[in-house]
> 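Would you mind keeping the following structure in view while I ask a few things?
Heavy atoms only: backbone and side chains are in, while hydrogens, waters and symmetry mates are out. A note on names: the letters A, B, ... follow the listed sequences, proteins ahead of strands, and every chain is numbered from 1.
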Amino acid sequence: MPIYLTTPIYYVNDKPHIGHAYTSLATDVLARWHRLAGREVYFLTGTDEHGQKVEKAAQDAGEDPKAFTDRVSQAFRDLTVTMGFSNDGFIRTTEKRHYEACQALWIRLQERGHIYLGAYEGWYAVRDEAFYGTDELTERDGVKYAPSGAPVEWVREPSYFFKLSEWGDKLLEFYESNPDFIAPPSRRNEVISFVKSGLSDLSISRTSFKWGVPVPGDDAHVMYVWLDALTNYITALGYPNEKAELWRFWPADVHVVGKDILRFHAIYWPAFLMAADLLPPARVFAHGWWTNEGQKISKSLGNVIDPVALVEEFGLDPIRYFLMREVPFGQDGDFSRTALGHRLNGELADVLGNLANRTLSLIQRNCEGKLPSLPPVRDMDTTLLVPLDALVASVGKLLESQEYHLALEEVFRQVRSANGYITVQAPWALKKTDPTRMTEVLRHLHTALRAYATVLQPFMPTTMGALLDQLGVPAGARDLASLATPLPDGIDLPPPSPLFRKIEVVG
RNA sequence: GGCGGCGUAGCUCAGCUGGUUAGAGCACGGCACUCAUAAUGCCGGGGUCAGCGGUUCAAGUCCGCUCGCCGCUACCA
């Protein structure tokens, strides 16, 4: 079963911030997990490069839009490297293949009668180049003003429309028969109540700017952003060529998105697809926002979090761990140095790092650095080993529903209990009283550590790679299935070294 | 305004279809241990489960009201 996972395509009028990194990270963890489970995965991310804002930003920069987007989208490609993302593809909406896909989809929708030419009208502020709703306006001396203070006028421009109004009932049926389509459930309820309140047709073209995909057969129009942007998910798989090699990945298993763009993914997108007789995605997950030290993040406050700076200061894996562990996926969360410090010092270094280090040091010193033989399992070992058998299944199940924080909690519950096991068994004391038993205990701990490191790889690829090195696990034996095959007795283990560096915590 | 959600230990939160002395992690206190990244393990203190009133043999868990907080309420991506 091929697995297709996507991030949104990121709009290039802005440089990457913590939100972009977070969305892609969550997707990356899923992608890595499925690969470890032996599934074939296609993980897509990319950039959204059309629209009036980009056109204008390029103009202001004195650049051609294409040159401008080439430059800005590079920052997003760089981010995938900085954050260790394992994306298989990176799509840009300015690519030729994307124009072809968009136009093919348009024609298909048009042929099936889902598109008509009408007029888009509303209160328009020339200065802002934006439309406003009546309830947003204020009136002084008979003139209406936008919230920005710009005067507005009633404008009417020709526009193609998608007959979204006809899809309400079909969408509701779809949500009903696919209860997992929208997550988390609170968002699902919001979407359903929105659809129940009635849908209007959707304007899907503009004549007021040029920087977009031309509407087939009517060059005066370019496609409006969402039809263009959403289509990226099928462009990347070869659409309209449904015989393309990658097309077997459709429909997507999970579109990971921020909560601000849920509606487009949960309403417009399945409607477009169903109208085109294509399968809708299996799931859309809307995650929350980060605050910075309790404060809402905004450019005007100047407290935007730069993921590159974070990684430089704290290291990649601690950041990846923190983002996935600190907050239930779907909820808003707060990024603070104190909280990061507690996770890094109190969980990664003290609980996991220290267990690995104390175990491997004992093996190094007392077993000549060789892996002790696979021992019998005694009653007193079951507290350590029995939960281990269920670890892969329980982590897998939790990731299936994107409950990353619970998956990590489950692993760390076991790591904590392994610390209890080593203290009770006290292999350092057995060294004098029962050396054989000492080797048994150490081998069991090695087995446990191997399992922890293996399942944690998607979250902390580099550090867990280093731990697997220290555990002597060869590169080809690091997937989930390999856990069933014990390592050969007596292999040489390298001298251990600490995996996590602690940081100063204030508060 | 309408629809929906939340308010449980100092902090962050679990508590499914109501049922023995309400749980976890962190923080805090004591003890133990000393293999290890001055770590780890054990024990413990602490909550009128927002408030009021109902239903019930029994309510944090259902119903009503009050107070407080939050989300959604379409075409900026």
Side-chain angles (χ1 to χ4, degrees), chain A residues 8-14 48-54 57 120 122 125 128-133 135 148 159 161-162 164 184-206 224-229 258-264 267-268 286 288 325-328 331-334 336 338-339 341-343 345-366 405-406 408-409 412-413 416-431 438 441-442 445 496-502 507:
Chain A
I9 45 176
Y10 302 118
Y11 202 55
V12 295
N13 66 340
D14 200 4
D48 182 8
E49 308 186 3
H50 287 137
Q52 194 165 23
K53 281 189 183 174
V54 170
Y120 182 66
D128 301 344
E129 300 183 36
F131 283 90
Y132 292 96
D135 52 341
S148 62
S159 169
F161 282 81
F162 173 75
L164 185 65
S186 53
R187 298 290 165 197
R188 169 185 153 84
N189 294 336
E190 287 176 4
V191 170
I192 289 175
S193 70
F194 182 85
V195 173
K196 277 187 176 160
S197 73
L199 297 172
S200 329
D201 290 345
L202 189 68
S203 165
I204 52 168
S205 79
R206 286 294 138 90
Y224 183 57
V225 288
W226 282 105
L227 182 58
D228 170 355
K259 62 183 181 182
D260 55 330
I261 55 172
L262 175 63
R263 177 189 308 144
F264 309 105
I267 299 174
Y268 302 172
R325 176 64 187 89
E326 181 70 3
V327 177
Q331 293 185 19
D332 289 351
D334 183 48
S336 79
T338 306
H342 282 134
R343 296 291 180 193
N345 296 348
E347 292 178 2
L348 293 179
D350 291 350
V351 176
L352 176 61
N354 191 46
L355 176 70
N357 202 242
R358 66 202 304 204
T359 302
L360 290 168
S361 297
L362 287 166
I363 293 178
Q364 197 60 219
R365 191 154 351 93
N366 301 330
H405 74 297
L406 293 182
L408 288 170
E409 197 173 288
F412 274 77
R413 186 173 19 247
R416 256 184 264 281
S417 119
N419 273 310
Y421 172 82
I422 193 173
T423 304
V424 171
Q425 297 306 317
W428 49 88
L430 290 168
K431 181 182 175 183
M438 175 197 72
V441 169
L442 292 176
L445 283 163
S497 62
L499 297 165
F500 298 100
R501 182 172 48 87
K502 290 199 190 190

> Are any of the side-chain heavy atoms of A:V12 and A:D48 separated by less than 4.5 Å?
no
> When the ring planes of A:W226 and A:F264 are compared, do they come out parallel, tilted or perpendicular, using 30° and 60° as the limits?
parallel
> Starting at NZ of A:K196 and ending at P of B:G2, how long is that distance when rounded to a whole Å?
19 Å
> Consider the side chain of A:Y120, meaning its heavy atoms from C-beta on, and name the nucleotide among B:C75, B:C72, B:C35 that approaches it most closely.
B:C75
> Can you tell me how far P of B:C75 sits from NE2 of A:H50, to the nearest Å?
23 Å
> Figure out the CG/P separation between A:D332 and B:U12, and round it to whole Å.
15 Å
> Could I get the full list of salt bridge (Lys or Arg N to Asp or Glu O under 4.0 Å) partners for A:R413, not counting sequence neighbours?
A:E410
> Under 4.0 Å, counting only non-hydrogen atoms across every strand here, what does A:G341 touch: a base, just sugar-phosphate, or nothing?
nothing
> Quick one: label A:S186 by what it contacts on the DNA or RNA (base, sugar-phosphate, nothing), any heavy atom closer than 4.0 Å.
nothing
> Any side-chain heavy atom of A:I267 within less than 4.5 Å of one from A:V195?
yes
> Nearest heavy-atom pair of A:V225 and A:G51: which atoms, and what distance?
CG1-CA, 4.4 Å
> Apply salt bridge (Lys or Arg N to Asp or Glu O under 4.0 Å) to A:K196 and list each qualifying residue two or more places apart in sequence or on a separate chain.
none
> So, the side chain of A:S361 versus the backbone of A:R358: is there a donor-acceptor pair under 3.5 Å, distance only?
no
> Provide the distance between the two P atoms, one in B:C57 and one in B:C3, to the nearest whole Å.
33 Å
> For A:L352 and A:N189, take the nucleotide of RNA chain B holding the closest heavy atom to each; which residue's nucleotide lies nearer the 5' end?
A:N189
> Take atom CZ of A:R263 and atom C1' of B:G71, then tell me their distance rounded to the nearest Å.
13 Å
> Determine the interatomic distance between C1' on B:G47 and the same-named atom on B:A24; round to the nearest Å.
15 Å
> With rounding to whole Å, what would you report as the distance between B:G68 and B:U40 at their C1' atoms?
43 Å
> Taking the minimum atom-to-atom distance to the side chain of A:Q331, which one of B:A14, B:A77, B:A74 wins?
B:A14
> Using a cut-off of 4.0 Å on non-hydrogen atoms, how would the nucleic acid contact of A:I204 be classed: base, sugar-phosphate, or nothing?
nothing
> Measuring only the C1' atom in each nucleotide, how far is B:C72 from B:G53? A whole number of Å is fine.
31 Å
> Holding to salt bridge (Lys or Arg N to Asp or Glu O under 4.0 Å), I want the full list of residues that pass it with A:R325, two or more places apart in sequence or in another chain.
A:E347, A:E409
> Counting side-chain heavy atoms from C-beta on, which of B:G71, B:A77, B:U73 comes nearest to A:F194?
B:U73
> Mind checking the C1' distance from B:U61 to B:A50? Whole angstroms is fine.
16 Å
> For A:S193 and for A:D48, find the nucleotide of RNA chain B with the closest heavy atom, then tell me which residue's nucleotide is more 5'.
A:S193
> Whole-Å distance between B:A77 P and A:Y268 OH?
10 Å
> Can you tell me how far P of B:C75 sits from CG of A:L227, to the nearest Å?
18 Å
> Would you please test A:K431 and A:L362 for side-chain contact (heavy atoms from CB on, under 4.5 Å) and show each step?
CA-CA 10 Å; A:K431 181 182 175 183; A:L362 287 166; over 6 Å; no
> Using the P atom as the point on both nucleotides, what is the distance between B:U34 and B:G25, in whole Å?
25 Å
> With rounding to whole Å, what would you report as the distance between B:G41 and B:C33 at their C1' atoms?
8 Å
> Can any side-chain N or O of A:D201 pair as donor or acceptor with the backbone N or O of A:L164 at less than 3.5 Å?
yes
> Let's see if you can work this out: which of B:A77, B:U37, B:U34 has an atom nearest to the side-chain heavy atoms of A:D260?
B:A77
> Regarding A:I261, tell me which of base, sugar-phosphate or nothing describes its non-hydrogen contacts under 4.0 Å with the strands shown.
nothing
> Under 4.0 angstrom, heavy atoms only, what part of the nucleic acid is A:Y224 near: base, sugar-phosphate, or nothing?
sugar-phosphate
> Between B:G1 and B:G15, how far apart are the two C1' atoms, rounded to whole Å?
35 Å
> All N/O contacts under 3.5 Å from nucleotides 40-45 of chain B to the protein, with atom names and distances to one decimal?
from, atom 1, to, atom 2, distance (Å)
B:U40, O2', A:R358, NH1, 2.9
B:U40, O2', A:T423, OG1, 3.0
B:G41, O4', A:T423, OG1, 3.3

> Any chance you could encode RNA chain B as dot-bracket? Rule is Watson-Crick or G-U wobble with both distances under 3.5 Å; [ ] for pairs crossing earlier ones, | for another strand.
(((((((..((((.....[...)))).(((((.......))))).....(((((..]....))))))))))))....
> What's the closest nucleotide to the side chain of A:R187 if the choices are B:C72, B:U37, B:A74?
B:C72
> The side chain of A:S200 lies closest to which of these nucleotides: B:C3, B:U37, B:A74?
B:A74
> Which heavy atom of A:A418 sits nearest to which heavy atom of A:L355, and what is that distance?
CB-CD2, 3.7 Å
> When all nucleic acid strands are considered with a 4.0 Å heavy-atom cut-off, which category describes A:R501: base, sugar-phosphate, or nothing?
nothing
> Roughly how many Å is it from CD in A:E347 to P in B:C26, rounded to a whole number?
8 Å
> For A:D334 and B:C26, what is the distance between atoms CG and P respectively, to the nearest whole Å?
20 Å
> Regarding A:N366, tell me which of base, sugar-phosphate or nothing describes its non-hydrogen contacts under 4.0 Å with the strands shown.
nothing
> Please enumerate all residues that pass side chain to side chain donor-acceptor pair (under 3.5 Å) together with A:Y268, with sequence neighbours excluded.
none
